[in-house]
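Working notes, structure below.
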Amino acid sequence: MRLRLKRASMPPALRAALAPGEEVTAAVPADSGLSLAASRFGLWIVSGDDAERIDWHVVSKARLAEGALHLTIADEVATWADSTVLLRDREPRTFRPEHATRLTDVVHRRVRASVAASRHMDWPGAGCWVVLRRIAGLDGLTVQVRLDHGTDPALAGFAEAVSAVVDQMWPEQVPRHADRTDLDE
């Protein structure tokens, strides 16, 4: 069963920030005066008059421990000519929901569902996670490279090694260069 929250019951900043047709499926007040809300596209962090959406495809890790939601969020730092997106993880953030909620289940499920496949790749003096991701609103899979701390993606042979790992991981039933049309525009 999918729960849709009424816009009238949401913080004003969240109501104003939601895209047309974007529905909130779970929400909870959290520590430090924050509110957390989940939609099909990402996790909303609401603080006063500000609402920021963290898209599911940039959430590297999500876990619940001792009543707290621990998130590692990545920043897109570059895009290679073949559309591979390079990411670097930020410092983990911790949110403490005020009460038990299904929001943490929604976050965990959404992050897991966005990952079609992943594999760690070691490289001399470097390393990364090669990840095939589903992005809400886009067809097909997107290749992401989550760089290990200190990895220089310009190292000789690194991009070629990533490409070889992607070739090994790519599902046979998915066309390689499918049109990625934004379905929500």
Side-chain angles (χ1 to χ4, degrees), residues 1-79 83-116 118 129 131-147 149 179-185:
M1 181 177 126
R2 252 174 81 170
L3 172 70
R4 294 185 178 125
L5 302 177
K6 296 181 181 186
R7 285 188 185 238
S9 65
M10 296 178 208
L14 178 58
R15 280 196 314 266
L18 289 170
E22 184 174 8
E23 298 172 344
V24 171
T25 58
V28 66
D31 59 340
S32 304
L34 298 176
S35 293
L36 304 175
S39 77
R40 174 185 132 168
F41 297 108
L43 176 69
W44 286 94
I45 302 168
V46 183
S47 176
D49 293 335
D50 296 321
E52 173 191 17
R53 186 177 74 201
I54 307 299
D55 294 336
W56 298 124
H57 66 276
V58 294
V59 178
S60 299
K61 298 177 190 175
R63 69 181 180 88
L64 181 65
E66 299 174 10
L69 177 62
H70 304 275
L71 293 179
T72 302
I73 300 163
D75 291 315
E76 295 182 4
V77 295
T79 303
S83 300
T84 296
V85 179
L86 303 181
L87 305 170
R88 286 211 190 269
D89 286 343
R90 300 179 195 169
E91 287 298 315
R93 289 182 71 179
T94 299
F95 303 94
R96 296 190 182 286
E98 286 185 0
H99 53 80
T101 175
R102 67 186 287 275
L103 179 112
T104 54
D105 294 334
V106 171
V107 169
H108 197 254
R109 187 172 58 250
R110 285 288 185 170
V111 172
R112 283 187 130 173
S114 74
V115 177
S118 66
W129 279 94
V131 185
L132 305 180
R133 291 297 279 264
R134 296 175 192 91
I135 298 177
L138 296 180
D139 287 336
L141 298 174
T142 296
V143 178
Q144 294 180 331
V145 175
R146 281 185 45 227
L147 300 167
H149 181 73
D179 291 333
R180 295 185 184 148
T181 308
D182 192 336
L183 302 174
D184 295 305
E185 291 187 350

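Because the structure is a prediction, the values reported are computed rather than measured. Heads up: numbering here begins at 1 and tracks the sequence.
Nearest heavy-atom pair, Ala68 versus Leu64, reported as atom, atom and distance to 0.1 Å: O-CD1, 3.1 Å. Nearest heavy atom pair, residue Val77 against residue Leu87, reads CG2-N, 4.3 Å. Minimum heavy-atom separation, Arg53 to Ser39: CD-OG, 4.5 Å. Nearest heavy-atom pair, Arg102 versus Ala26, reported as atom, atom and distance to 0.1 Å: NH1-CB, 3.8 Å. Here the shortest heavy-atom pairing between Ala27 and Thr101 reads O-OG1, 4.0 Å. When all heavy atoms are compared, the tightest approach of His99 to Pro29 is NE2-CD, 3.8 Å.
Residues Ser114 and Arg133 bring a donor and an acceptor atom of their side chains to less than 3.5 Å of each other.
Within the 4.5 Å cutoff, side-chain heavy atoms of Trp56 are placed close to those of Val107. A 4.5 Å side-chain heavy-atom check between Arg134 and Leu141 finds at least one atom pair inside the cut-off. Residues Leu69 and Thr94 form no side-chain contact, since every pair of their non-hydrogen atoms from C-beta on lies 4.5 Å or further apart. Using a 4.5 Å cut-off on side-chain heavy atoms (C-beta onward), Trp44 and Glu22 make contact. Residues Ile45 and Arg93 are in side-chain contact: their nearest non-hydrogen atoms beyond the backbone lie under 4.5 Å apart. Inter-residue side-chain proximity for Ile54 and Leu71 is flagged as unmet; no heavy-atom pair is nearer than 4.5 Å. The shortest side-chain heavy-atom distance between Met10 and Ser35 does not fall under the 4.5 Å cut-off. For the pair Leu132/Val115, no side-chain contact is recorded, criterion being any heavy-atom separation below 4.5 Å from C-beta on.
Atom NE2 of residue His57 and atom CZ of residue Arg110 lie 13.5 Å apart, to the nearest 0.5 angstrom. Atom OG of Ser47 is separated from atom CG of Leu14 by 12.5 Å, given to the nearest 0.5 angstrom. Note that the CZ atom of Arg88 and the CD atom of Glu76 stand 14.0 Å from one another [nearest 0.5 Å].
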*Using the side chain to side chain contact (heavy atoms under 4.5 Å, CB included) rule, take Val145 and Trp129 through it: C-alpha gap first, then chi angles, then the decisive distance, then the call.*
CA-CA 6 Å; Val145 175; Trp129 279 94; over 6 Å; no
*Dump the intermediate steps for side chain to side chain contact (heavy atoms under 4.5 Å, CB included) on Val24 and Leu18, then the final yes or no.*
CA-CA 9 Å; Val24 171; Leu18 289 170; 3.9 Å; yes
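Every residue meeting the side chain to side chain donor-acceptor pair (under 3.5 Å) condition with Arg90, not counting sequence neighbours, appears here in chain and number order: Asp75. Considering only residues two or more places apart in sequence or on other chains, Arg146 meets the side chain to side chain donor-acceptor pair (under 3.5 Å) condition with Ser60, Asp89.
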